[in-house]
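To find a chain, count down the sequence lines: A is the first, B the second, and so on, and within it residues start at 1.
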Protein chains: 2
Amino acid sequence: MLRRIARAYSTCGKVFPQEPVKPQLISSSVPGPLSVEANNQLGTIFDNRAAYFVTDYENSLGILAAAPPGMSKVWTALSGSCANETAYKAAFMYQAAKERGLLDFNHEELESVMQNKSPGSSKKVILSFENGFHGRLFGSLSTTRSKPIHKLDIPAFNWPMAPFPKLKYPLNEFTQENLEEEDRCLQEFERIIKNDWEPHQIAAIIVEPVQSEGGDNHASAHFFQGLRDITLKHDILMIVDEVQTGVGASGKFWAHEHWNLTNPPDMVTFSKKFQAAGFYFSDENLQPNQPFRQFNTWCGDPSKAIIARTIYNEITQNDLVNKTAQVGNYLFPKLAKLSESYGSFFNLRGENFGTFIAWDFKHADDRNKFLFKMRQQGVNIGGCGDVSVRLRPTLLFEEPHADLLVDTIEAVLKN
Amino acid sequence: MLRRIARAYSTCGKVFPQEPVKPQLISSSVPGPLSVEANNQLGTIFDNRAAYFVTDYENSLGILAAAPPGMSKVWTALSGSCANETAYKAAFMYQAAKERGLLDFNHEELESVMQNKSPGSSKKVILSFENGFHGRLFGSLSTTRSKPIHKLDIPAFNWPMAPFPKLKYPLNEFTQENLEEEDRCLQEFERIIKNDWEPHQIAAIIVEPVQSEGGDNHASAHFFQGLRDITLKHDILMIVDEVQTGVGASGKFWAHEHWNLTNPPDMVTFSKKFQAAGFYFSDENLQPNQPFRQFNTWCGDPSKAIIARTIYNEITQNDLVNKTAQVGNYLFPKLAKLSESYGSFFNLRGENFGTFIAWDFKHADDRNKFLFKMRQQGVNIGGCGDVSVRLRPTLLFEEPHADLLVDTIEAVLKN
């Protein structure tokens, strides 16, 4: 392994160019964890926590194999919060380098930064959206706008927030209103950029394909294409947070693939279901050209890269993304029918979006009672936002499970 | 395992009370990684990344077994930066709860916090010391004061910095000067608290037992006892960052044990050599009494807790801390003799501090040339600060290794 590392690394960085290489995969006949044999072979990676750039190149290719369209590089991190914060750091350094051009850091910058003052410390900001959730470390928490309890008593950067569309359901009954709502949000987004901040002060925006923690709030491809257009127009980087939406549940491997953007996002962050964490990107300028700027002791975790590789392999070998899209298309109309019959169950959303489906109750109490009764029937579902129920079945959820779920929901609603 | 988890957890928190339990240890006859057999038994923990509070209670007791004197609880995290930031969050919530008393959050707090504004977002600060290093996420980087390159172009909180003593060596020749330097720093520290900030605005200080990244800067027990006295006097929490100094190299398991404080620190953070990460504490008020405030998806990593337990077990079974103290006491006088003979090699520090020894060269070029030549002789040593060489041998470094090291250093210095 040491030789492999020595071969793969010529600098301290840990950015892997995508190569036309089929990674050597761990075979495993059923979806699930690594086999004991595979684990033994890989013992050293699991038993020792590799530090610095001592990551396993071959295993990281497994993460790269899952890169979204238009993304060719990955930077690994330890958690979703950490992935978002390293993406923010990349954005700040990218924008500063662009302004600085060929100039070196100047004396004033070198002095002021040690006092946490500008110009050495950046006055640039990250913009996030109302009800978004991006983590709970100090930088990521400053972009999180989910609930007060997540943020109270913790210092935060004075960074901006833009509105996220509040769509009405069923979508086909509110086409015009929803279009107007999305355009209103896009206009307000651009107004904030132009009026509230200096040109180029907003280094990046971060947005979830579905605001998950904040209540499973969806927006259409039109809205996200609008964000992409406006960010490109104002030289602002676009970070898509796929920590909760990524890895197949939406019926695409990455949920933002539903948008068919004319230009891919600048960075896509991941963690949770993928077990490994980090961000994808393609512009090499997002890797600072001085060593040890984007850096830390662990720089990700090779043992989690192996798990991610195995997960990716299982998903692709068993066509689980397409199967999830299909079962979602089977499940959604059944839930829509329930929603028509039971008025307490409404705002059903997530059509053509795999099993990433949610709906609302009128009051939090009703929602919580529903979740409790479902559990009594042996079905474990979770809530999000104030009044929402979110489905997050595994990728092995099939039509018979969907039938059982619908029957149980109906039995509970009947009471 | 699931039953064990169910038994151990009644709330969503992950704070383990220290119990008079001898954790069931993994036997391993030689120092090193987990045996293959142990790994197989523990396969599920290594193969699946446990989320939320699904941490293994028994294994976490291994981390608690290593708790510093006066510490009875641990909160786990993913990295040193993450450990420090969760400690900062604990400090901010602790201080706010103390001020709020029995009152609930008020309307103004609940509204303002969603705009990242006070009073909901805290205006309290963390004080750190000149040349300190505490990590590279946004909160931790705001307390890092090592080098501009670590901080440039990244936004930072306007948090205060106090001077750290610059001691002169050999210590016995500068007793009076060094005492005066430490008292000067303590006075300036208290002046900052009293004059520059509102009462109780400084929630906590963070300090390393030896400023490692910043140049292996030591201070005496007198200085640290002074910090403890002043923090207690002003109701400021004291966080000791043992990310680099912890786990035996100083000749104590935790370097701050050298201080014999009259009151233990409020929190002690760890990562690196211990592989697991987190912070020790004892005051239960450092755990917020509302659920999901100190929280995140992963909340540490059970697989790293197992590694930490094994490391702790190996260290105690083989008495490696005492052995490291002894070999440090064997090595130091030999280096002191070299320093007397070779004027280019000075400011030797780390006496009675295990193998945590460092010295300076006059210029960075001389230091770098020395490190290069040592490597050519097969000895891999690192630098820190601008002109320092720091020794960080393993805990299996013994007298014959010390002889070899001294001989090689002398051979290189002679050239």
If you tally heavy-atom pairs under 4.5 Å against chain B, which of Val113(A), Leu152(A), Leu78(A) wins?
-> Leu152(A)
Side-chain heavy-atom pair Phe105(B), Pro148(A) within 4.5 angstrom cut-off | no
Heavy atoms of other groups near Asn285(B) CG, more than 12 under 6.0 Å | yes
On the 0 to 90° scale, with breaks at 30° and 60°, tag the Phe138(B)-Phe157(A) ring pair as parallel, tilted or perpendicular.
-> perpendicular
Of all residues at least two apart in sequence or in a different chain, which pass the salt bridge (charged side-chain N to carboxylate O under 4.0 Å, His left out) check with Lys98(A)?
-> Asp235(A)
Honestly, the part of Lys117(B) sitting under 4.5 Å from a heavy atom of chain A is side chain
Answer yes or no: is there a donor N or O on one side and an acceptor on the other, between the side chain of Lys89(B) and the main chain of Arg136(A), under 3.5 Å?
-> yes
Answer yes or no: does atom CD of Glu99(A) have more than 12 heavy-atom neighbours from other residues, nucleotides or ligands under 6.0 Å?
-> yes
Would you call Arg293(B)-Asp153(A) a salt bridge at under 4.0 Å N-O?
-> yes
Atom pair SG/CD of Cys82(A) and Glu85(B) - distance to nearest 0.5 Å = 9.5 Å
Below 4.5 Å from any heavy atom of chain A, which atoms of Ser146(B) appear? Answer side chain, backbone, both or neither.
-> backbone
Highest number of heavy-atom pairs under 4.5 Å with chain A among Arg100(B), Gln290(B), Glu109(B) belongs to Arg100(B)
Heavy-atom closest contact (Gly80(A) atom, Trp298(B) atom, distance) = N-NE1, 4.4 Å
How many angstroms lie between atom OG of Ser79(B) and atom CG of Leu137(A), to the nearest 0.5 angstrom?
-> 8.0 Å
So, the part of Met161(B) with a heavy atom under 4.5 Å from chain A: the answer is side chain
So ring pair (Phe, Tyr, Trp, His ring centres under 6.0 Å) across residues 111-133 of chain B, not counting sequence neighbours, yields Phe129(B)-Phe189(B), Phe133(B)-His150(B)
Hey, mind stepping through Thr297(A) and Lys272(B) against side chain to side chain donor-acceptor pair (under 3.5 Å) and telling me if it holds?
-> CA-CA 8 Å; Thr297(A) 296; Lys272(B) 289 201 199 280; 2.6 Å; yes
State whether the number of non-hydrogen atoms from other residues, nucleotides or ligands found under 6.0 Å of Glu108(A) atom CD is greater than 12.
-> no
Between the OG atom in Ser271(A) and the CG atom in Asn296(B), the distance rounded to the nearest 0.5 Å is 9.5 Å
Pair count under 4.5 Å, heavy atoms only, with chain A: among Gln115(B), Lys123(B), Lys124(B), highest is Gln115(B)
Residue, of Gln95(A), Lys147(A), Glu130(A), that accumulates the most heavy atom pairs under 4.5 Å with chain B = Lys147(A)
Is the CG atom of Asp386(B) crowded by more than 12 outside heavy atoms at less than 6.0 Å?
-> no
Please confirm whether the backbone N or O of Ala156(A) pairs with a side-chain atom of Asn116(B), one donor and one acceptor, at under 3.5 Å?
-> no
Do Lys304(B) and Ser303(A) come close enough that some side-chain heavy atom pair is under 4.5 Å?
-> yes
